[in-house]
Chemist: 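Following this message is one structure expressed as C-alpha cells.
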There are 2 protein chains.
Amino acid sequence: MAVTIHDVAKLAGVNSSTVSRVINGKATITPDTKERVYAAMRELDYHPNSLARSLASGLSGAIGVIVDARDAEAFSNWFFARSLFAIEREAQARGYQVIIANGAQSKGGNIETMMKEHKVDGLILPPTTVKPSLMKTIGDFPYVVLGTPDTLSSQTSWVDNNNGQGAEMAVRHLQEMGYQNIAYLGGHEKRGFTKRRIRGYQQANTGKETVLATDGTTENAYETALSVLKKTGHPDAFVCNDNLAAFGLLKACRELRVHVPRDVGIVAFDNYPLAEYTDPQLTIVDIDTAMLGEQTAQLLFKRIENRAGNQQIMLSTTLVKRASTERKAR
Amino acid sequence: MAVTIHDVAKLAGVNSSTVSRVINGKATITPDTKERVYAAMRELDYHPNSLARSLASGLSGAIGVIVDARDAEAFSNWFFARSLFAIEREAQARGYQVIIANGAQSKGGNIETMMKEHKVDGLILPPTTVKPSLMKTIGDFPYVVLGTPDTLSSQTSWVDNNNGQGAEMAVRHLQEMGYQNIAYLGGHEKRGFTKRRIRGYQQANTGKETVLATDGTTENAYETALSVLKKTGHPDAFVCNDNLAAFGLLKACRELRVHVPRDVGIVAFDNYPLAEYTDPQLTIVDIDTAMLGEQTAQLLFKRIENRAGNQQIMLSTTLVKRASTERKAR
DNA sequence: TCCCTTCGTGCAACCGCTTGCACAAATCAT
DNA sequence: ATGATTTGTGCAAGCGGTTGCACGAAGGGA
C-alpha cells in the first residue's frame with residue numbers, strides 16, 4: 001500500500017538499513033549514497049511510518065499534557081491555554097507531538113495508561129495529581145508538574161510562578177498607594193496556589209486581615225464583594241485571586257456606587273487581555289505564561305533526554321500598575 | 001524489560017494470539033480461558049504497548065487538531081479552547097488521543113506529516129487550510145473543518161455555526177428595540193466568518209450601512225469606535241464581531257460619555273463568561289461551542305470509521321438579550 | 001448414529017523500522 | 001609494503017502486537 005523503507009532502498013540500490021541510517025543521520029554515509037537515497041525518497045514521496053519507528057526505537061515521540069478540568073470553563077482557562085501554546089511550541093521545535101488529555105483519573109486521561117502503554121515519553125501534570133500513590137506508579141518516568149504540588153514538592157519536578165511573592169508585591173503596592181484595610185478576595189481555599197497567594201498576602205499585610213474565599217466563580221466573587229461592601233468600615237482595597245474575581249468585584253462596586261480607585265483599590269492576579277478595558281483599568285500581578293510553558297517543556301525534555309534529577313523552577317511575577325490602584329489623582 | 005503479550009500468554013497457558021483476542025474482544029473465547037488470561041494480565045500488571053498495536057493494526061488511535069495561531073492570544077482564544085474541550089471529551093469516549101499542533105504549514109504541524117507518517121487517523125482543520133493543493137494531498141484521508149471554508153465548501157466536510165443567521169438576528173433585535181442606524185464593528189475583513197457575519201448584517205439591515213472592520217484587536221476596535229462616535233450622526237447601535245470588539249467599544253462609549261443602551265445599543269458575537277459583568281451587561285449572539293466541538297468530533301469519527309462521504313453541518317446561534325440593548329427602561 | 005457446521009485456539013507471517021554484529025574496502029602508521 | 005584501524009554498508013533479529021488460515025472438538029440436524 002504505502003511506500004516503505006524497502007521500496008526506497010530498492011530504488012536507491014541499497015539496503016533498508018542504510019536508508020534508515022540516512023534518515024536518522026546516525027552514521028557516516030558516503031555523500032553519494034546519501035544523495036541516491038534522498039533522490040529515491042523524493043521520487044517515491046516517502047514518509048517514514050512514525051508508528052513503526054516508535055515501536056522499533058521504543059520512543060513514542062510525544063509528550064502528554066494532563067488537565068484536570070470538570071467543565072469547559074476551566075479548560076479554556078486563559079492561564080492553561082497560554083501555557084499550552086508555549087509548550088506546544090517547544091515540543092514542535094524538538095519534533096515532539098503534544099497529546100492533551102483531560103481528567104487525570106478518567107480512563108482516557110489516565111496517567112498510568114499514557115506511560116505504561118507507551119503513548120508518551122513524558123508527562124506534564126497538574127499539581128493536584130501529585131500524591132504518594134502517583135509517585136509509586138510513575139517511578140522514574142519523566143514528568144514535570146506545572147504548578148507547585150501541595151505535597152512531596154521536593155521530590156518532584158515542577159515549574160511555577162511565585163504566587164507568594166506576587167501577593168506580597170500586590171499588598172505592598174496597595175499600602176504604598178495609601179490603602180490600609182486590605183482584603184483578599186476569591187479562589188478556592190483548597191487550591192494550592194490560592195493558599196500560597198493568601199499566605200503572601202498575610203505576610204505583607206500590616207493592617208487587618210480579611211480573607212474572602214469563594215467558590216472560584218465570578219458570580220460568587222460578586223456576591224461576596226456585594227455583602228462585604230455594604231458593611232461600614234469595609235476594606236478599602238482588595239487583592240483578587242484572578243481577573244474573574246476582579247470583574248465580580250468591579251460590578252459590585254458599580255452597583256453600590258463605590259468608586260475605584262478612590263474608595264477601593266484593586267489588584268488582581270493574571271493579566272487577561274481585557275484587564276485593560278475595564279473601568280478603571282486593572283492593576284495586575286502579571287504571570288508570564290509563555291515563560292511558564294516554555295520552562296516546563298524544557299525541563300521535561302531535559303528529563304526525557306538524560307533522566308536528569310528532580311528540579312524545581314520558580315518564576316517571579318511582575319506588577320503592572322494601572323488605574324485601579326491610583327488613589328491620588330495624577 | 002516490559003511485560004509483553006507473550007509473558008501473559010505463557011502464564012495463562014495459551015497462545016499470544018488468544019490473549020490478543022481477549023484484549024480486543026474480537027472473537028468468541030471460552031469464559032474459562034478468558035478468565036485465566038485476565039488473571040494473568042492482572043498478576044503481571046500487563047499494559048498492551050499501544051505502539052505495537054498501532055503498527056500491527058494500522059491505526060494510530062489518535063486524531064489531530066490543527067490550529068493556525070500566530071500568537072498565544074489566538075491559541076488561548078476562548079472559542080477554540082471551548083471547542084477543544086468538547087473534542088477531547090468525544091475522543092476520550094472513543095478511546096482516541098488528541099494531538100494538537102499549531103501552524104498548518106510549519107514542519108511540526110504539517111498536515112501532510114500528520115497523515116503520511118500515520119501519526120493520526122483523522123484531522124480537524126481550520127478553514128484557512130482548505131485550498132485545492134490541500135485537497136490533492138489529503139485525498140480521502142478523514143478530516144473535518146471546524147468552520148466554513150472559503151472555497152470548496154461543498155467538497156469538504158465541515159461544521160460551523162450559522163454566522164449569517166446570527167448577525168441577522170442581532171440586527172433585527174436592534175431594530176425591534178428602536179435602533180435605526182446600525183453599524184458592524186470589528187473583525188478582519190478577510191476572515192471568512194467575519195465576511196459571513198457582515199453579509200448577514202447587510203441582509204437584515206434596513207437602515208444605513210456602516211461596516212467598520214478592524215485588525216481584530218480590542219485596541220483597534222476601541223480606536224475605531226472612538227473616532228466614529230465623535231462624529232455627529234454616528235450610529236446608534238453596533239453589532240460587534242466578538243466580545244473583544246465590544247469591550248473596546250464600551251471603553252470608547254465611557255470615555256465619550258455615550259450612554260449604553262440609551263444612546264447606543266450593542267450586540268456582540270460570542271459569549272465570554274465576562275460578558276455578564278460589563279456595564280451594562282452585553283446582549284450577545286451565543287455560539288454553542290460545546291456542540292460545535294462535539295459535532296465536529298462526531299463527524300470525524302463517522303468518517304474515520306466508515307469513510308462516510310462529505311457532509312456539512314450548520315449549527316444555529318442563539319440571541320441572549322441583556323441590558324446593552326434595552327433601550328427603553330423597563 | 002453419522003455428517004456437517006460452528007466454535008475456540010494455535011501457528012506463523014506480517015506491520016515498517018532500528019540496530020548490533022559482521023565484513024569488505026579504504027585509510028593510516030610505520 | 002603490510003598489519004592495524006577506521007569507514008560504509010549489508011544481514012537478520014527483533015520491537016510487541018494483529019490476523020488469515022487451519023484444524024480438532026463440540027454441537028446440530030436428520
Side-chain angles (χ1 to χ4, degrees), chain A residues 1-38 40-41 44-62 95 113-121, chain B residues 1-41 44-62 95 97 113-121:
Chain A
M1 192 71 208
V3 18
T4 75
I5 201 172
H6 301 288
D7 302 323
V8 176
K10 199 185 298 174
L11 182 59
V14 297
N15 187 275
S16 62
S17 58
T18 301
V19 177
S20 172
R21 290 182 179 113
V22 169
I23 294 171
N24 296 296
K26 294 249 185 184
T28 43
I29 306 280
T30 308
D32 172 56
T33 310
K34 205 182 284 190
E35 200 35 65
R36 286 213 316 287
V37 171
Y38 279 131
M41 297 196 333
L44 299 174
D45 188 28
Y46 169 71
H47 291 264
N49 182 324
S50 66
L51 263 25
R53 224 208 284 224
S54 295
L55 177 60
S57 67
L59 296 170
S60 75
T113 305
M114 287 262 193
M115 45 172 289
K116 298 224 168 140
E117 296 191 357
H118 294 259
K119 287 186 191 296
V120 297
D121 297 333
Chain B
M1 191 72 207
V3 19
T4 75
I5 200 172
H6 302 288
D7 302 322
V8 175
K10 198 185 299 173
L11 182 59
V14 297
N15 188 275
S16 63
S17 58
T18 301
V19 178
S20 172
R21 290 182 180 113
V22 169
I23 293 170
N24 296 295
K26 294 249 185 189
T28 43
I29 305 281
T30 307
D32 172 55
T33 309
K34 204 181 284 189
E35 200 33 66
R36 285 214 317 286
V37 171
Y38 279 132
M41 298 197 332
L44 298 173
D45 189 29
Y46 170 71
H47 291 264
N49 183 324
S50 66
L51 262 25
R53 223 202 294 217
S54 295
L55 176 59
S57 67
L59 295 169
S60 75
Q97 307 297 135
T113 305
M114 286 263 194
M115 45 174 289
K116 299 223 169 142
E117 296 190 356
H118 295 260
K119 287 185 191 296
V120 297
D121 297 334

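Sequence lines set the chain letters: A, B, ... in the order given, protein chains first and strands last, and positions in each chain run from 1.
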Chemist: To the nearest 10 degrees, how far apart in direction are the end axes of the helix from C:dT1-D:dA30 to C:dT30-D:dA1, each fit to five base pairs?
Modeler: 20°
Chemist: When you get a sec, tell me which of C:dC15, D:dG14, D:dG17 is the closest nucleotide to the side chain of B:L55?
Modeler: C:dC15
Chemist: Can you find an N or O donor on one side and an acceptor on the other, under 3.5 Å apart, linking the side chain of B:S17 with the base of C:dC11?
Modeler: yes
Chemist: What residues from residues 18-31 of chain A pass a heavy-atom cutoff of under 4.0 Å to DNA chain D?
Modeler: A:T18, A:R21, A:T28, A:I29, A:T30
Chemist: Nearest whole angstrom, please: distance from the P of C:dC14 to the CG of A:N49.
Modeler: 17 Å
Chemist: Which heavy atom of B:R36 sits nearest to which heavy atom of B:V14, and what is that distance?
Modeler: NH2-CG1, 3.5 Å
Chemist: Compare every heavy atom of B:L55 with every heavy atom of A:A52, then report the nearest pair and how far apart it is.
Modeler: CB-CD1, 3.6 Å
Chemist: Between CG of B:N49 and OG of A:S54, what distance do you get to the nearest 0.5 Å?
Modeler: 9.5 Å
Chemist: Whole angstrom is fine here: how far is it from CG in A:L51 over to C1' in D:dC15?
Modeler: 12 Å
Chemist: Tell me the interatomic distance from A:H47, atom NE2, to C:dC17, atom C1', rounded to whole angstroms.
Modeler: 16 Å
Chemist: Give one of base, sugar-phosphate or nothing for A:S54, where a contact means two heavy atoms less than 4.0 Å apart.
Modeler: nothing
Chemist: Pairs under 3.5 angstrom only: tabulate donor-acceptor contacts from the side chains of residues 6-13 of chain B to other protein residues two or more places apart or in another chain.
Modeler:
from : atom 1 : to   : atom 2 : distance (Å)
B:D7 : OD2    : B:T4 : N      : 2.8

Chemist: Could you walk me through whether A:I29 and A:T18 pass the side chain to side chain contact (heavy atoms under 4.5 Å, CB included) check?
Modeler: CA-CA 8 Å; A:I29 306 280; A:T18 301; 4.3 Å; yes
Chemist: Looking at CG of B:L51 and OG of A:S57, how far apart are the two atoms once the value is rounded to the nearest 0.5 Å?
Modeler: 7.5 Å
Chemist: Could you pull out the protein-nucleic contacts involving nucleotides 22-25 of chain D (nitrogen or oxygen on both sides, under 3.5 Å)?
Modeler:
none

Chemist: Rounded to the nearest Å, what distance is computed from the CD1 atom of residue A:I5 to the C1' atom of nucleotide D:dC11?
Modeler: 14 Å
Chemist: Is there a side chain to side chain contact (heavy atoms under 4.5 Å, CB included) between A:M114 and B:Q97? Walk through the geometry before answering.
Modeler: CA-CA 10 Å; A:M114 287 262 193; B:Q97 307 297 135; 3.6 Å; yes
Chemist: Judged by atom type as modelled, is there a donor-acceptor pair below 3.5 Å linking the side chain of B:S60 to the main-chain atoms of B:A62?
Modeler: yes
Chemist: Atom CG of B:D7 and atom P of D:dG17: how far apart are they, to the nearest Å?
Modeler: 9 Å
Chemist: Between side-chain atoms of residues 19-28 of chain B and protein atoms elsewhere (two or more places apart, or another chain), which donor-acceptor pairs fall under 3.5 Å?
Modeler:
from  : atom 1 : to    : atom 2 : distance (Å)
B:S20 : OG     : B:N24 : ND2    : 3.4
B:R21 : NH1    : B:S17 : OG     : 3.4
B:N24 : OD1    : B:R53 : NH1    : 3.1
B:N24 : ND2    : B:S20 : O      : 2.8

Chemist: Quick one: B:E117 CD to C:dC17 P, roughly how many Å, whole number?
Modeler: 10 Å
Chemist: Please tell me which of the listed nucleotides, C:dG10, C:dG16, C:dT18, lies nearest to the side chain of B:V14?
Modeler: C:dG10
Chemist: Supply the atom-to-atom distance A:L44 CG to A:I5 CD1, rounded to the nearest 0.5 angstrom.
Modeler: 12.0 Å
Chemist: So, does A:S50 use its side chain to make a donor-acceptor pair with the main chain of B:E117 at under 3.5 Å?
Modeler: yes
Chemist: Whole angstrom is fine here: how far is it from CG in A:N15 over to P in C:dA24?
Modeler: 16 Å
Chemist: Can you tell me how far C1' of D:dT18 sits from CG of B:L59, to the nearest Å?
Modeler: 11 Å
Chemist: Establish, with yes or no, whether the OP1 or OP2 oxygen of D:dT18 is under 4.0 angstrom from a side-chain nitrogen or oxygen of B:S16.
Modeler: no
Chemist: Residues two or more places apart in sequence or in another chain: which of them pass side-chain hydrogen bond (donor to acceptor under 3.5 Å, both in side chains) with A:K119?
Modeler: none
